[in-house]
Amino acid sequence: MPAELIDGAAIAREIRAEVAREVHRLAQRRIVPGLTVVLVGDDPASAVYVRSKGKATEEAGMRSVTIRLPATASQAELLSCVDALNADPSVHGILVQMPLPKQIDTVAIVRRVRPEKDVDGFHPVNVGKNLIGERDGFVPCTPAGVQELLVRSGVQTRGAECVIVGRSNIVGKPMMALMVQNAAGANATVTVCHSATRDLAAHTRRADILIVAAGRPRMVMGDMIRPGAVVIDVGINRIDDASAKSGYRLVGDVDFESAREVASKITPVPGGVGPMTIALLLRNTARAAEQLA
Ligand code: GUN
């Protein structure tokens with residue numbers, strides 16, 4: 001029997017409705033959560049993400065501002081932009097869209113954002129809080145979204161073998177920290193695989209929960225998956241497709257067709273993890289407003 005689909009779009013709508021109710025409660029205290037996104041340069045994919053973040057922010061009843069800086073902006077200009085947002089009481093969440101142009105030191109920018117406004121969860125203070133299981137920090141939106149997908153799909157995480165493919169600071173590492181905690185929706189035995197892992201398939205075949213965030217199209221095939229496993233595909237890759245109007249289509253890091261014959265539950269691409277990232281960004285922003293008030 002083919003795997004059940006985990007409908008990320010539907011679960012994301014549920015979370016966005018919860019956030020909208022929270023925003024309504026804050027409005028009664030005259031608090032309007034504000035998210036400012038800073039976009040440097042004109043990378044088309046980033047521009048699409050930033051537009052959809054802005055639209056979702058407004059739909060949740062929050063204030064959305066996008067600051068666009070030219071691709072030639074200096075490190076000093078971006079730092080002073082962040083400083084101004086840190087000091088602005090109407091701004092509760094700050095998101096500097098990545099990747100940044102070459103002349104800018106990304107680490108220095110991430111460190112400059114006030115941790116209390118760091119709704120991306122990238123600042124070292126928030127990274128540390130996530131690792132030690134302190135709940136008042138911000139968890140990066142994509143791994144937090146993956147955990148919500150598991151919980152809201154009724155996946156048993158306690159004691160599960162959870163194998164993560166990919167060790168990025170945005171997904172793999174924070175995902176590891178989340179799943180290993182002694183907490184609800186976690187408590188798993190976690191393995192992190194990466195480019196130097198000797199026998200990837202030997203690890204992935206042991207997984208009850210397989211989370212793939214490697215950034216390589218269809219690198220995990222059905223024969224690398226244990227029958228009955230839950231598969232979460234974080235990848236989103238454009239591949240050429242002459243039959244598509246745009247000339248390309250989106251695929252994940254998992255080969256969906258072969259994987260769905262083996263897994264018990266699987267996320268599609270698109271419509272799986274993607275919509276969750278925005279939903280969790282909105283939730284982080286509402287929480288930032290509540291905590292800063
Ligand atoms: N670029 C791609 N994903 C993200 C994200 O989650 N946050 C930021 N700031 N930039 C990104």
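FYI, side chains are in, hydrogens and waters are out, and symmetry mates aren't considered; it's all heavy atoms of this structure. Since the model is a prediction, treat every value here as computed from it, not as a measurement. Both ligands and their constituent atoms are indexed starting at 1 by order of listing.
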Ignoring angles and geometry beyond distance, decide whether [X] reaches within less than 3.5 Å of ligand 1 through its nitrogen or oxygen atoms.
X	result
M98	yes
V96	yes
Q97	yes

Original post:
Thinking salt bridges, do R283 and E148 make one under a 4.0 Å N-O criterion?
Top reply: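 E148 and R283: salt-bridged.
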Subject >> Contact atoms of ligand 1, heavy-atom distance to L95 under 4.0 Å >> reply: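 Here the atoms of ligand 1 in question are 9 (N).
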Subject >> Taking atom 6 (O) of ligand 1 as the reference point, the nearest protein heavy atom with its distance >> reply: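 Going atom by atom, the protein heavy atom closest to atom 6 (O) of ligand 1 ends up being D120 OD1, 3.8 Å.
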**OP:** Measure the spacing between CG of L149 and CD1 of I11 and express it to the nearest 0.5 Å.
**Re:**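 If I round to the nearest 0.5 Å, the distance is 5.0 Å.
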Original post:
What's the spacing between T106 OG1 and Q75 CD if we round to 0.5 Å?
Top reply: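 T106 atom OG1 to Q75 atom CD measures 8.5 Å (nearest 0.5 Å).
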Original post:
Is it true that a side-chain atom of D233 and a backbone atom of V254 form a donor plus acceptor pair closer than 3.5 Å?
Top reply: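 Present.
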Subject >> Matching residue for M224 among V212, T204, V165, D255 - test: side chain to side chain contact (heavy atoms under 4.5 Å, CB included) >> reply: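 Result: among V212, T204, V165, D255, T204 is the only option passing the side chain to side chain contact (heavy atoms under 4.5 Å, CB included) with M224.
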Original post:
Quick one: does atom 9 (N) of ligand 1 have a protein heavy atom under 4.0 Å from it?
Top reply: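 Within 4.0 Å of atom 9 (N) of ligand 1, protein heavy atoms are found.
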